[in-house]
Each structure stands twice: as structure tokens, then as C-alpha cells.
Amino acid sequence: MNHIGKLAIIIPAIKLEYFESTLESLSKQTCKDFVVYVGDDCSGKDFKSLCKKYENEFSIVYKCFDDNLGSYDLVGQWKRCIDISLGEEWLWLFSDDDVIGEKCVELFYKEIIECKKKYPIYHFNVKIIDGNGQVIKEPKEFPELITSIDFYKKKSSAELDSFVVEYIFSRTAYNEVGGFQRFDMAWGSDIATWVKMGNKDGIKTLNSDFVYWRQSNNNITPNHKKEIVFRKLNIDIEFLSWVNNFFGKKSILLYNQYVLFRLLFFYSLILDRYQVNLILSDALAIKVLNSMCYYLLKFIYPIIPVLKYIKSHFYDNKK
């Protein structure tokens, strides 16, 4: 098979526990026309030995950075890992603990060789695994082609899940959008970037194999500590403002007020009233909320934790 260009699989590395499972999944690919670039974020862990163990299985490049950039600038860590790569046409930002289905690379090359239309961004459906590699959840699959605005709305309404690691994108698209959109903790950075890359032609999903995303205590998504939730919600306000400006549609402005309400409802048993007031004030200041919604939410918010408690302890427990 004559492949069009090369694929760089970029792995920003900090967690060693499941790293060999990731490398093992790469060694089992039915097509090994790719180069793996591992960027060790000054972890102090022995990623190098594992990389060396697999160097006869596929092409792999290891680099250890001098500082732990990811601890305060995760997007910056992603960027410098991508910068290690040597001009491959396609990029896959992966992780140090997830797993790639054995046919994924083959399916990707088959798509770009056989299909006349090329997309700037491709997607694989995901299955969620636990620490033992057992599938514990199968999220809803993406449509074969989805527009950026539908992707955003379905992701923000929890109709679809997205985990960063299941996307392959062209280097051209990456450069055209200016790399990954910057937000604190990279919270929403991937979603904003996929929205930008797919804005013209949409996001194309490749079927017949999966990426396996590992759920663990190391993920920030399920972290419900009070200080982390407050920090994430402040980033969400900035992200919603970005979305409003990017799409520039009144319908999105209205929709994002609903998104903020859902977020406040979801975290209402974690946040205190002072934190909520700060979030609402910031949302009003940058026009994520209009005045009417701002005062309405301030008025009704005292009963929201009660409703959330009832839903969590009675309705959800009956499912």
C-alpha cells in the first residue's frame, strides 16, 4: 500500500503506570506506517527504557524536557511535543495511558487513499476502559460526518463524549488555526480546536475500530474537588465567550446561557453561594449571560442545589 504522507503519533508523557499498554497497542497495529514521538514532561520516570523496548516494533523518538511545563501550561506541553515531529503530514495527539484499536492506523490510511475528499480532521469512536483494560462504558457513536456547530452543541449537552485522543488532524490545519486554542489546564482547548479545524468541511468519523480511553484518578474531567470545579467553571465562562465570538450567531448566544445553567446545576452541590455569585458576575461582564438571565439565575439559584439533591438521591438512584 502506497501511503499518502506519514502519520506522527504524539505522546506527551507524564504518567508511567499504563504507558506500556499504550506502546503495546501501537505494536499491534495492522499498519505501522507511523512515527511515535514521546515528549517526557520532566517526569523523573523511566519512559526511555520502555521506548527502547519497542524501538524494533515501530519507529519511536524519545525526548525528555528539562522542565515540567505541563504542570502550568498543558497546551504549551502539547505544542513542544508536536514540535519534536519532523514534518509528517498528519498528527495524532495521543496520551500515555490510553489504547489504540489495532486497525485504527490502517483504517485511517485506507480512508485518505481511497476517498477523493480529504478532511482536515478525522475521528474514531471511543470505548471507556478501567485500570485493568476492561470496557466499562460505550459512549454514543458519532455520525459519520458532523458539522462544527453540531459537534459543539452535542458535546456541550453531553449527547456526545470527546476525549482529545481520538482525533487525527492534518499539520496544515493545525498551522492554519494557530495550534491548540489556549485555555487554563487546556480545559476546552481540544474542543475549540476541533471546532476551528472542522468549521468548513466538518469532522469525519472512521468506523470499524475504536480508541480506548482509560478512566482513572489521573483525569481532570471527573475531578470534583471544590477548588478544581470552581477553577474549571471560570474557564468554562471564558470558553463560552470564545464560542459566542467564533460562531457569531444569536442562537448560540442563547444556547450558551442554557449551557451555563446546566453546568451550575450539575455542580450545585459542590460550589458555595459566594463562588456562584462570582461566576455569574463574570459571565455577565463578558456577555455570556444577558441581564435578564443573570438576575433570573441569581433569584432561583438557592433552590437549584435542592433540586440537584433530589435528582441525585431519588431519580438517579432508581436508574
Side-chain angles (χ1 to χ4, degrees), residues 74-75 128 137 139-140 148-164 181-192 194-195 215 217 219-319:
L74 185 54
V75 171
I128 299 175
K137 182 180 178 183
K140 182 177 179 180
S148 281
I149 196 165
D150 283 347
F151 165 70
Y152 167 68
K153 292 178 77 172
K154 289 179 183 294
K155 172 64 176 70
S156 59
S157 65
E159 188 175 341
L160 291 176
D161 292 315
S162 181
F163 300 98
V164 184
Q181 187 70 30
R182 285 186 173 272
F183 294 106
D184 182 25
M185 299 196 299
W187 187 246
S189 293
D190 55 319
I191 302 302
W194 310 147
V195 163
Q215 182 172 294
N217 293 330
N219 304 122
I220 67 168
T221 300
N223 192 326
H224 287 175
K225 292 181 180 179
K226 187 175 183 178
E227 64 274 15
I228 295 295
V229 168
F230 182 61
R231 184 177 174 186
K232 288 194 295 187
L233 273 172
N234 278 283
I235 307 166
D236 283 325
I237 298 299
E238 182 184 352
F239 173 73
L240 292 174
S241 177
W242 178 89
V243 171
N244 288 342
N245 292 328
F246 180 82
F247 287 116
K249 294 177 178 288
K250 185 177 180 180
S251 60
I252 289 293
L253 290 169
L254 295 173
Y255 175 77
N256 279 344
Q257 293 182 100
Y258 160 72
V259 171
L260 180 55
F261 171 78
R262 288 185 77 254
L263 289 168
L264 289 172
F265 181 85
F266 185 77
Y267 292 118
S268 60
L269 296 178
I270 300 172
L271 300 172
D272 60 45
R273 186 66 183 273
Y274 175 73
Q275 290 173 317
V276 171
N277 284 336
L278 288 176
I279 291 165
L280 292 176
S281 295
D282 287 346
L284 177 65
I286 60 176
K287 300 181 180 179
V288 170
L289 287 178
N290 61 32
S291 296
M292 182 178 72
C293 286
Y294 168 76
Y295 287 110
L296 179 61
L297 280 173
K298 285 203 71 169
F299 178 74
I300 68 170
Y301 190 78
I303 68 169
I304 290 178
V306 177
L307 297 175
K308 173 65 175 177
Y309 179 85
I310 292 171
K311 181 178 183 297
S312 300
H313 286 75
F314 295 96
Y315 176 74
D316 291 346
N317 287 338
K318 290 181 180 180
K319 288 184 176 181

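Note that the structure is predicted; figures quoted are calculated from it, not measured.
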Quick one: does Ser281's side chain have a donor or acceptor within less than 3.5 Å of a partner on Leu278's backbone?
no
Note, [X] side chain near [Y] side chain (heavy atom, < 4.5 Å):
X: Leu263; Y: Ile279; answer: no
X: Leu233; Y: Val276; answer: no
X: Phe151; Y: Ile191; answer: yes
X: Leu284; Y: Leu280; answer: no

Return the [atom1] to [atom2] distance between [X] and [Y], rounded to the nearest 0.5 Å.
X: Asn234; Y: Gln275; atom1: CG; atom2: CD; value: 9.0 Å
X: Lys232; Y: Asp236; atom1: NZ; atom2: CG; value: 8.5 Å
X: Tyr152; Y: Ile149; atom1: OH; atom2: CD1; value: 9.5 Å
X: Tyr255; Y: Leu260; atom1: OH; atom2: CG; value: 12.0 Å

What pairs meet the salt bridge (Lys or Arg N to Asp or Glu O under 4.0 Å) rule with one or both residues in [range], with sequence neighbours excluded?
range: residues 252-279; answer: Lys226-Asp272
range: residues 274-291; answer: none
range: residues 153-162; answer: Lys137-Asp161, Lys140-Glu159, Lys154-Glu159

How close do [X] and [Y] get, counting heavy atoms only, and between which atoms?
X: Ser268; Y: Pro305; value: OG-CA, 3.7 Å
X: Phe163; Y: Ile128; value: CZ-CD1, 3.8 Å
X: Gly188; Y: Phe183; value: C-CD1, 3.9 Å

Review item, side-chain donor-acceptor pairs of residues 239-249, under 3.5 Å, at least two apart:
{"unit_1": "Asn244", "atom_1": "OD1", "unit_2": "Asn256", "atom_2": "ND2", "d": "2.7"}
{"unit_1": "Asn244", "atom_1": "ND2", "unit_2": "Leu240", "atom_2": "O", "d": "3.4"}
{"unit_1": "Asn245", "atom_1": "ND2", "unit_2": "Ser241", "atom_2": "O", "d": "3.2"}

Residues passing the salt bridge (charged side-chain N to carboxylate O under 4.0 Å, His left out) test with Asp190, sequence neighbours excluded, are none
Identify all side-chain donor-acceptor contacts of residues 289-304 below 3.5 Å with residues at least two apart in sequence or on another chain.
{"unit_1": "Asn290", "atom_1": "OD1", "unit_2": "Met292", "atom_2": "N", "d": "3.3"}
{"unit_1": "Asn290", "atom_1": "OD1", "unit_2": "Cys293", "atom_2": "N", "d": "2.8"}
{"unit_1": "Asn290", "atom_1": "ND2", "unit_2": "Gln257", "atom_2": "OE1", "d": "3.4"}

